[in-house]
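Numbers restart at 1 for each chain; the letters A, B, ... are given by sequence-line order, proteins then strands.
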Amino acid sequence: MPTDSTGSHIIRMVLESHFLVIRQFCCYTRALRSENKVTVSFINRDGEKVTVKGSPGDSLLDVVIEQDLDIDGFGACEGTLACSTCHLIFDEDVFNQLGPITDEEMDMLDLAYGLTDTSRLGCQVCLTKSLEGITVRVPESVADMRESDFGTTSSSS
Amino acid sequence: MNTSRVFGFKTMKTLLTNRSRATITSGLRRLACTPSSCPRVCIVGGGPAGFYTAQHLLKAHPAMQVDIYERLPIPFGLVRFGVAPDHPEVKNVINTFTQTAQHERCCFHGNVTVGKDVSVEELKQAYHAVVLSYGAEGNRLLGVPGENLSGVYSAKDFVGWYNGLPCNKDLCPDLSHETAVILGQGNVALDVARILLSPLDILTKTDITQPSLEALAASRVRRVLIVGRRGPLQVAFTIKELREMVNLAGTRPDMVPADFKGIAEVLKDLPRPRKRLTELMMKAVREAPSGEGSTSRQWGFRFLRSPVEVLPTPDLTQTAGIRLGINRLEGSGDGARAVATGETEDIECGMVISSIGYQSLPIDPAVPFDPHKAIIPNAVGRVLKTSGLYCSGWVKRGPTGVIATTMNDSFDTARVLIQDIETGILDISTAKPGSQTVTPLLQKRGVNPVSFSDWEKIDAEEMKRGSVVGKPREKLLDVTEMLKTVHS
């Protein structure tokens with residue numbers, strides 16, 4: 001517990017200094033409103049890191065859409081668990097915090113490119129204050145992985 | 001002083017303007033173009049591959065003009081005609097496609113058959129590049145005696161029938177017999193099985209066509225066997241579709257437990273997707289009630305069986321059953337081969353649906369085609385031994401994969417095309433007229449292209465008809481009727 005609060009204190013300090021920079025570019029109201037928000041960083045396919053804020057309760061897909069993040073083809077089925085295009089990769093400790101995965105989410109993850117043991121669908125992971133400062137990775141889509149993918153004769157999915 | 005202030009202000013303004021111009025120019029240097037040499041690309045086929053290719057081209061190049069040519073007066077291809085009616089969530093991609101079609105640098109031209117109304121060569125003259133994304137409209141044949149008997153259908157036609165594809169509206173499949181056999185174990189096979197066995201109250205809330213809903217209401221099909229030439233570890237369907245079968249109300253699995261002998265031992269070494277899929281199948285086998293249950297409808301897999309002959313009724317007109325050759329497996333995993341043992345077994349059935357794969361067809365003599373692989377020979381979407389020709393989707397890689405597969409594949413083709421513009425492989429230095437010359441050419445030939453706003457009239461009409469009967473839409477089934485709606 002003390003470690004935890006020290007950790008979060010450090011994170012808060014880092015974030016506060018980070019906010020100072022952001023504030024120079026953002027209007028004041030936005031910075032004030034952001035105090036209730038959760039900071040999330042996305043590492044894009046080209047390795048670029050984008051840090052944004054989302055409201056607790058929003059899914060990571062909501063965050064990508066609201067913040068208009070440029071991730072090609074993200075969330076094709078609009079969060080209805082019918083595709084795997086919002087696949088995100090988490091750090092192991094964060095992944096373990098996220099709670100149980102439904103069979104239906106696992107089913108779609110099984111079709112995702114570059115599936116890892118810490119993969120989740122962005123539409124199924126909702127922000128909480130305890131996720132403050134997390135970094136998630138957008139998997140690279142690699143051509144040859146696709147060739148050997150779990151392909152099927154399908155027009156349906 | 002006043003003058004100098006005014007002068008100073010002016011100078012500053014000029015400087016600023018020039019500076020911002022310079023910034024823009026340097027940012028877009030490689031991509032920017034004068035109006036006369038804007039890259040014009042046309043896409044043949046308005047399905048997912050076409051729309052995803054267009055989406056990426058428009059995004060990646062600030063001046064790219066994209067025209068999409070589609071044979072039908074309506075867009076979206078297999079999202080409308082392939083995706084099962086009880087999978088409305090998959091059809092959400094239509095929202096993104098609609099945004100693409102409404103993009104100021106994109107134009108949809110429906111009701112145009114490339115290869116007949118306009119040749120690929122003519123499109124090449126009018127555009128800097130042509131992307132072939134016309135999918136797979138054919139189907140692989142079984143190649144067995146009896147294939148042409150009444151009661152034998154291709155899954156492609158059956159799916160087209162319940163999804164309102166104009167050319168399949170008169171299919172009238174014979175649903176009067178208890179057992180239907182589906183050949184093939186991919187997702188299309190499971191879609192067909194599910195539609196055949198779904199409780200009507202599920203289907204009535206979907207955009208399934210009214211004639212097929214009525215036919216299914218009167219259907220006597222109670223048992224659907226889904227036959228594959230290889231074993232449980234080689235099935236091609238995905239787990240979502242299998243889970244839907246397992247959870248389908250009013251049905252129970254009818255499996256052969258012996259088919260799964262030895263599978264439990266190899267499970268732990270399988271990759272996660274295959275492992276979970278196999279475990280779910282085995283769960284269905286374990287939970288299958290041994291006797292007659294309360295539910296009257298059954299579905300099940302039959303493995304290691306290849307069609308040998310469709311057996312006719314005594315008058316030689318109808319399907320009475322199917323003779324299956326019994327196989328054994330050679331090798332293991334995805335690469336395992338089915339080898340005929342010479343033994344056969346007969347199954348009595350009134351309907352055989354062949355679901356062994358879609359197949360792309362050649363579109364125009366000017367486009368190379370590999371008849372063996374049934375694709376356009378290409379390297380990452382560049383059509384081999386040509387210039388200015390690209391391909392994406394099923395015609396590029398064969399008819400497999402889910403929509404996300406086609407999405408990635410189409411983005412790849414678009415990236416390659418943009419790259420070719422940047423490196424000069426694709427010459428855009430001379431202006432191309434695009435639809436300015438193609439549209440008059442089509443009109444001269446008696447073809448009237450349908451625009452995206454024309455489609456929106458059809459869309460509105462379909463939704464209006466659907467709301468009357470409590471469905472998301474009632475599809476128009478006839479091209480003539482679609483065109484009438486456009487011009488009303």
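Contacts between A:C77 and chain B at a heavy-atom distance below 4.5 Å involve backbone atoms as well as side-chain atoms.
Top candidate by heavy-atom pairs under 4.5 Å with chain A, chosen from B:H56, B:E89, B:Q55, is B:E89. Options B:R272, B:K156, B:M407 differ in how many heavy-atom pairs under 4.5 Å they form with chain A, and the most are formed by B:R272. By number of non-hydrogen pairs under 4.5 angstrom with chain B, the leading residue of A:L81, A:D72, A:D70 is A:D72.
The two residues A:Y113 and B:N408 make their nearest non-hydrogen contact at CE1-ND2, 2.5 Å. Residues B:V93 and A:A76 come closest through the heavy atom pair CG1-O, 3.5 Å.
Using a distance-only test at 3.5 Å, with no hydrogens or angles considered, a donor-acceptor pair links the side chain of B:R276 to the main chain of A:M106.
Taking a 6.0 Å sphere around CZ of A:R137, one finds it holds 12 or fewer heavy atoms contributed by other residues, nucleotides or ligands. Counting heavy atoms of neighbouring residues, nucleotides and ligands inside a 6.0 Å radius, atom CG of B:N95 exceeds 12 of them. Residue B:R140 places its CZ atom among 12 or fewer non-hydrogen atoms of other residues, nucleotides or ligands, all under 6.0 Å distant. More than 12 heavy atoms of other residues, nucleotides or ligands lie within 6.0 Å of NZ in B:K59, so this atom counts as buried by the packing criterion.
Ionic pairing of A:D110 and B:K240 is not present here: no N-O contact between side-chain nitrogen and carboxylate oxygen is shorter than 4.0 angstrom.
The NZ atom of B:K91 sits 14.5 Å away from the CD atom of A:E78 when rounded to the nearest 0.5 Å. Distance CG/A:D107 to CG/B:L242: 9.0 Å, rounded to 0.5 Å.
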